[in-house]
Amino acid sequence: MGSGGSTCRSTCSSLLKVCSDHRGGINWLSLSPDGRHLLTASEDCTARLWRTSDSQSCRLLQGHGSYITFCHLENEAAFTCSADHTVRKWDVTTGQCLEVYKGHASIVNRILVVKDYLLSGSYDRTARCWSVDTGKQIQVFRGHRNSVLTLANFSLDEVLEESEMEDKQSKEFLVTGSTDCTIKIWEISSGCCYQTLRGHLGAVLYVVLDKSSKELFSGSTDYTIRRWNMLTGDQLKVFSDHQGSVICLELVNRHLYSGSVDRTVKCWSVDTGECVRTYAAHKHSVSTLKYHAGILFTGSGDACARAFNTKSGVLQRVFQGHSFIINCIQIHNNSLYTASHDGSLRIWDIHDLCKQNKRHKKKEKPMQSKTSQKGSLSHLFHNKVGCSVEVDRECETIELT
């Protein structure tokens, strides 16, 4: 079932503001849990903090020696990682750098903050764990044969039933996806590799977890999405209708949305593996997507954001104005925020769209994590090392339970 475009309107009338303070492309956009601030990470080696109340830049975070690849915003602290091989922690109130996490030997492209842990992934083929407060490096996760591109995490008590947790201590696990075509699951406290998931024939660009079902979904340059059991490592299903690399994923109830280089987003039934809908109005790669209030918002290499009715597939609006790829989108208080490699942050009014779709909204609700990742393509393939399918025999395994 394809997406329709008859009711779509292309307009700038919903544009509320253009923020052009950065002097380089914006690679990532993060929203604080309380919704009060946004954080942008830029090619100009700075990050900026913005108030959502008036869309004004209120803090300039300076200190990195090269472009910032990714950022993560908490209510009181901000975190950035960079091509200068470091991660930094910043005070949201003052804009001062509180900590510099050093140890990586190449570009740091992803970070996660989990309780007292800061987790990072790098082109140096490692992921690392740090103490958020002290800056001390706790673990180095070695075993991938190539760059670590994507991160996710889960706790043991999130995937096991209460009865299964009796007499067991909850543990934290890190999931890493790499250009070596594998996904690895690590126990954070010991640094040991619990599981290596093999099956992809290309780089793993994105992973998303369904913790309640003990399942992991991965998107790859081999054009497929794969569904795995996180505990056993078994590959459960291959989703294979895309005709290009799968860049981004969004899991909503038991439906999976995937954005691809083939210029489409597809909606899949997780249980059957069937593609139930294709959203095909994009003129370039789909770089980022987000589900909200029965609407699928997408960002593309054609410099446009789009809004689709998820149930009917109808393209409802095209947001035009950017001049280069949209790397990330966020939604807050009926406003759509789009961050682009053209250096601008644009804010759009989507109140009417949300109101319109509310009347027809399905009962499904998004299963999202505040660490949800939908990444920039700008530096994804700067690492020239080829994808290795060599089996990793050196990584020690442990038992989950």
Side-chain angles (χ1 to χ4, degrees), residues 18-32 37-50 57 59-73 78-90 101 104 106-113 118-123 147-151 177 179 203 205-206 245 247-248 259 261 284-290 297-305 322-330 336-347 370-383:
V18 180
C19 305
S20 302
D21 301 52
H22 279 297
R23 298 188 177 185
I26 299 175
N27 288 326
W28 197 252
L29 174 64
S30 181
L31 177 68
S32 63
H37 293 98
L38 287 159
L39 181 66
T40 50
S42 175
E43 296 279 310
D44 66 11
C45 307
T46 72
R48 286 184 179 269
L49 195 69
W50 311 78
S57 176
R59 295 285 182 273
L60 176 63
L61 310 183
Q62 298 184 91
H64 279 296
S66 188
Y67 61 85
I68 301 176
T69 56
F70 192 81
C71 61
H72 173 79
L73 183 59
F79 299 84
T80 55
C81 58
S82 169
D84 68 7
H85 307 178
T86 71
V87 181
R88 288 177 178 254
K89 177 185 177 182
W90 311 83
Y101 306 85
H104 279 296
S106 187
I107 298 169
V108 186
N109 56 68
R110 283 294 180 271
I111 48 177
L112 279 178
V113 178
L118 170 66
L119 301 161
S120 58
S122 170
Y123 285 180
S147 305
V148 178
L149 297 182
T150 183
L151 306 175
T179 53
L205 303 183
Y206 192 85
S245 299
I247 299 170
C248 47
V261 171
H284 206 284
S285 302
V286 179
S287 48
T288 183
L289 52 83
K290 186 173 287 291
F297 292 91
T298 65
S300 173
D302 63 16
C304 293
H322 284 294
S323 60
F324 203 36
I325 182 174
I326 296 174
N327 285 326
C328 191
I329 56 181
Q330 292 287 349
L336 170 69
Y337 298 86
T338 56
S340 169
H341 208 66
D342 64 14
S344 71
L345 170 67
R346 290 177 177 252
I347 301 100
K370 67 180 180 179
T371 56
S372 174
Q373 309 167 31
K374 288 163 276 288
S376 165
L377 298 181
S378 308
H379 299 283
L380 195 58
F381 298 109
H382 275 199
N383 181 13

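Heads up: numbering here begins at 1 and tracks the sequence.
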Side chains of Asp21 and Trp50 in contact at under 4.5 Å (non-hydrogen atoms): yes
Locate the shortest heavy-atom distance separating Gly301 from Ser287; write the atom from each residue and the value. N-OG, 4.3 Å
If you round to the nearest 0.5 Å, how far is OG of Ser285 from CD1 of Ile325? 7.0 Å
Taking side chain to side chain contact (heavy atoms under 4.5 Å, CB included) as the test, write out the residues that go with Ser122, two or more places apart. His104, Ser106, Asp124
With sequence neighbours left out, write down each residue that passes ring pair (Phe, Tyr, Trp, His ring centres under 6.0 Å) with Tyr101, or none if nothing qualifies. Trp130
Mind checking whether Asn327 and Thr288 have side chains closer than 4.5 Å, heavy atoms only? no
Where is the tightest heavy-atom contact between Ser120 and Val87, given as atom of each residue plus distance? CB-CG2, 4.3 Å
Closest non-hydrogen atom pair between Lys89 and Phe79, with its separation: CG-CE2, 3.6 Å
Cys19 and Ile347 have their tightest heavy-atom pair at SG-CD1, 3.7 Å
For Asn27 and His341: C-alpha separation, side-chain torsions, deciding distance, then whether side-chain contact (heavy atoms from CB on, under 4.5 Å) applies. CA-CA 6 Å; Asn27 288 326; His341 208 66; 3.6 Å; yes
Can you name the side chain to side chain contact (heavy atoms under 4.5 Å, CB included) partners of Ala41, sequence neighbours left out? Trp28, Ile68, Cys71
Can you list the residues that meet the side-chain hydrogen bond (donor to acceptor under 3.5 Å, both in side chains) rule with Thr338, with sequence neighbours excluded? His322, Trp348
From Leu31 CG over to His37 NE2, what is the distance, rounded to the nearest 0.5 angstrom? 11.0 Å
Just verifying a value: how many Å separate Cys45 SG and Leu61 CG, rounded to the nearest 0.5 Å? 13.0 Å
Closest heavy-atom pair, Val286 versus Cys248, reported as atoms and distance to 0.1 Å, is O-SG, 3.9 Å
Any side-chain heavy-atom pair of Leu73 and Leu49 under 4.5 Å: yes
Do any N or O atoms from the side chain of Ser300 and from the backbone of Asp302 form a donor-acceptor pair under 3.5 angstrom? yes
Ser57: partners by side-chain hydrogen bond (donor to acceptor under 3.5 Å, both in side chains), with sequence neighbours left out: Arg48
How far does CD1 of Ile329 sit from OG of Ser340, to the nearest 0.5 angstrom? 12.5 Å
Taking the side chain from Ser245 and the backbone from Val261, do they hold a donor-acceptor pair closer than 3.5 Å? no
With side-chain contact (heavy atoms from CB on, under 4.5 Å) as the test, would you mind laying out the steps for Leu118 and Ile111 before giving the verdict? CA-CA 7 Å; Leu118 170 66; Ile111 48 177; 4.2 Å; yes
Does Leu149 form a side-chain contact (heavy atoms from CB on, under 4.5 Å) with Thr179? I'd like the steps, not just the answer. CA-CA 7 Å; Leu149 297 182; Thr179 53; 3.4 Å; yes
Reported OG-to-CD distance for the pair Ser30 and Gln330, which is rounded to 0.5 angstrom: 6.5 Å
Ala47 to Thr80 - nearest heavy-atom pair and separation: CB-CG2, 3.9 Å
Does a side-chain heavy-atom distance below 4.5 Å link Phe297 with Leu336? yes
Take Phe70 and Val108, measure what side-chain contact (heavy atoms from CB on, under 4.5 Å) needs, and give me the verdict at the end. CA-CA 8 Å; Phe70 192 81; Val108 186; over 6 Å; no
Result for side-chain hydrogen bond (donor to acceptor under 3.5 Å, both in side chains) between Ser42 and one of Thr46, Asp44, Thr40 points to Asp44
For Asp342, what residues pass the salt bridge (Lys or Arg N to Asp or Glu O under 4.0 Å) criterion, not counting sequence neighbours? none
CG/Leu38 to OH/Tyr337 distance, rounded to the nearest 0.5 angstrom? 5.5 Å
Does the side chain of Ile26 come within less than 4.5 Å of Leu345's, by heavy atoms? yes
